[in-house]
Amino acid sequence: MMKWLLSSIDKLPSLSVYQGYISEIENNICRNPVLSIELCKSLSEGICKTILTDKGVSIPDNFPNLVSTTLSHLNVDNHPDAGHIKELSKRLGGVLHYIATIRNDCNYASHGQDIEHKPVSSDLALFVVHTTNAILGFILHFYIVTGDYQCGERIRYEDYQEFNDYLDELYESNMGKIISFSRALFDQDIDAYKEEFLEYQRIEYERLQDTL
C-alpha cells in the first residue's frame, strides 16, 4: 500500500527502522483507524526530522513548519522541473498540516474517549495513508535522486553499500579479510571516508561519460 515510500527506504537502508511504522499503519486501517492516522503523523515527523538533522537544519517546533521546512530544503534547484516541484512542495505542506488537524480532532489513539465520540472511519484512514505515502514518497524520492542525502553533515554507513564494497575490494590486499576497510575508515576518519567517496563519484562519472 505504501510502496513508493518503501521503495525509497530500500535505497536508504538506515531508514529501515520506519518499516515497523508502515506495517502498523497498514495493519490498523480497519482495526484501529485513529491509530493508523496517528502513526502517519509520527512517521512524517520522524522522516522530516531525520532529513533536517542530516542537513544540519534546526528542527521547527510545530508539525506544519517541520514539514514545510523539509520540503523547502529539498535540493531541486538544478532539476529540470524545479519550478513545478517547488510549487507542489508548497501545496503538499498544507495537506500534511490538515492531516495533523484530523489527528487532533479525532483525539490521540492513546487517549480515552467519551462513549459518544464519533469513531473515525477506515475510509478516512485509508485516504490519509495513501496521502502520507504520496507526500513522504515524494520527499524521499527527490532526497535520493538529486543526491541530496550524500551532501549532509551526517551520513550513515549502511546507505553506501556499493561504495563500501568498492573500498573493501580496493584495499583488501592490504587489510586482508579480517576487518572491513570501509567500516574502519568510516568509524575512525569520517572526513577521509567522505573524500574517498567523492573520488569514487568522480571515477564513476568519468566511466559513465566514456560509455556515452
Side-chain angles (χ1 to χ4, degrees), residues 1-55 57 59-60 62-76 85 88-89 91-111 113 119-150 152 154-162:
M1 186 176 296
M2 304 185 83
K3 290 182 179 179
W4 193 17
L5 180 55
L6 285 168
S7 68
S8 292
I9 289 176
D10 285 342
K11 296 170 185 174
L12 285 180
S14 64
L15 298 183
S16 61
V17 63
Y18 294 121
Q19 290 175 338
Y21 280 75
I22 293 171
S23 178
E24 286 299 304
I25 287 169
E26 294 179 340
N27 290 337
N28 281 285
I29 290 173
C30 294
R31 186 169 57 194
N32 192 342
V34 175
L35 177 59
S36 184
I37 292 172
E38 181 175 346
L39 288 172
C40 281
K41 181 174 181 289
S42 297
L43 178 64
S44 302
E45 287 177 327
I47 288 177
C48 288
K49 287 180 179 179
T50 297
I51 291 174
L52 291 179
T53 302
D54 288 349
K55 295 172 73 67
V57 178
I59 305 296
N62 59 64
F63 180 70
N65 287 344
L66 172 65
V67 176
S68 61
T69 299
T70 304
L71 288 164
S72 68
H73 277 82
L74 290 178
N75 184 22
V76 297
I85 293 170
L88 281 170
S89 294
R91 302 187 185 207
L92 289 177
V95 174
L96 275 177
H97 184 188
Y98 192 71
I99 288 176
T101 300
I102 292 173
R103 180 250 198 177
N104 293 337
D105 288 347
C106 295
N107 289 326
Y108 306 160
S110 57
H111 289 191
Q113 296 174 342
V120 174
S121 69
S122 59
D123 293 328
L124 178 59
L126 186 64
F127 196 178
V128 170
V129 170
H130 280 293
T131 302
T132 301
N133 174 59
I135 295 174
L136 294 182
F138 170 93
I139 288 173
L140 282 183
H141 174 78
F142 284 101
Y143 189 52
I144 294 169
V145 299
T146 60
D148 201 14
Y149 76 98
Q150 299 171 346
R154 184 178 66 171
I155 63 174
R156 288 174 291 280
Y157 177 80
E158 55 269 33
D159 291 335
Y160 297 86
Q161 191 56 54
E162 185 174 325

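Note that the coordinates shown come from a computational prediction; the quantities given were computed from them, not determined experimentally.
How far CG of Leu92 is from CG of Leu71: 6.0 Å, rounded to the nearest 0.5 Å. To the nearest 0.5 Å, atom NE2 of residue His97 and atom OG of residue Ser68 are 9.5 Å apart. Note that the CG atom of Leu39 and the CD1 atom of Ile29 stand 11.0 Å from one another [nearest 0.5 Å]. The OG1 atom of Thr146 sits 5.5 Å away from atom CG of Asn75, with the distance rounded to the nearest 0.5 Å.
Taking the side chain as every heavy atom from C-beta outward, Ile37 and Leu124 approach each other to under 4.5 Å. Contact annotation: the side chain of His130 approaches that of Leu126 to within less than 4.5 Å [non-hydrogen atoms, C-beta and beyond]. Side-chain atoms of Tyr149 and Ile144, non-hydrogen and from C-beta on, do get closer than 4.5 Å to each other. Side-chain contact check for Thr132 versus Met2: some heavy-atom pair is nearer than 4.5 Å. Between Gln150 and Ile155, the closest side-chain pair of non-hydrogen atoms is not below 4.5 Å. Looking at heavy atoms from C-beta onward, Tyr143 lies out of side-chain contact with Thr70 at the 4.5 angstrom threshold. Counting heavy atoms from C-beta on, the side chains of Asn133 and Met1 never come closer than 4.5 Å.
Under the side-chain hydrogen bond (donor to acceptor under 3.5 Å, both in side chains) criterion, Gln19 pairs with no residue at all, not counting sequence neighbours. Evaluation of the ring-ring contact (aromatic ring centres under 6.0 Å, His included) rule for Phe63 yields no partner, not counting sequence neighbours.
Residue Pro33 comes nearest to Ser121 through the heavy atom pair CB-O, 3.7 Å, listed as atom of the first residue, atom of the second, then distance. Nearest heavy-atom pair across Leu66 and Cys48 is CG-CB, 3.8 Å.
A side-chain contact (heavy atoms from CB on, under 4.5 Å) with Tyr18 is found for exactly one of Leu140, Leu136, Thr50, Leu5, namely Thr50.
Looking only at distances, a side-chain donor or acceptor of Asn28 sits under 3.5 Å from a matching main-chain atom of Glu24. No donor-acceptor pair closer than 3.5 Å links the side chain of Ser36 to the backbone N or O of Asn32. No donor-acceptor distance shorter than 3.5 angstrom exists from the side chain of His141 to the backbone of Gly137, with no hydrogens or angles considered. A distance-only check finds a donor-acceptor pair linking the side chain of Lys55 to the backbone of His73 [under 3.5 Å]. A side-chain donor-acceptor contact under 3.5 Å links Ser72 to the backbone of Thr69.
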Result block: side-chain N/O donor-acceptor pairs under 3.5 angstrom for residues 6-16, not counting sequence neighbours:
{"unit_1": "Ser7", "atom_1": "OG", "unit_2": "Lys3", "atom_2": "O", "d": "3.4"}
{"unit_1": "Ser7", "atom_1": "OG", "unit_2": "Trp4", "atom_2": "O", "d": "2.6"}
{"unit_1": "Ser14", "atom_1": "OG", "unit_2": "Arg156", "atom_2": "NE", "d": "2.8"}
{"unit_1": "Ser14", "atom_1": "OG", "unit_2": "Asp159", "atom_2": "OD1", "d": "3.1"}
{"unit_1": "Ser14", "atom_1": "OG", "unit_2": "Asp159", "atom_2": "OD2", "d": "2.7"}
{"unit_1": "Ser16", "atom_1": "OG", "unit_2": "Pro13", "atom_2": "O", "d": "2.9"}

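Annotation: Tyr21, atom OH; neighbour count of heavy atoms from other residues, nucleotides and ligands within 6.0 Å does not exceed 12.
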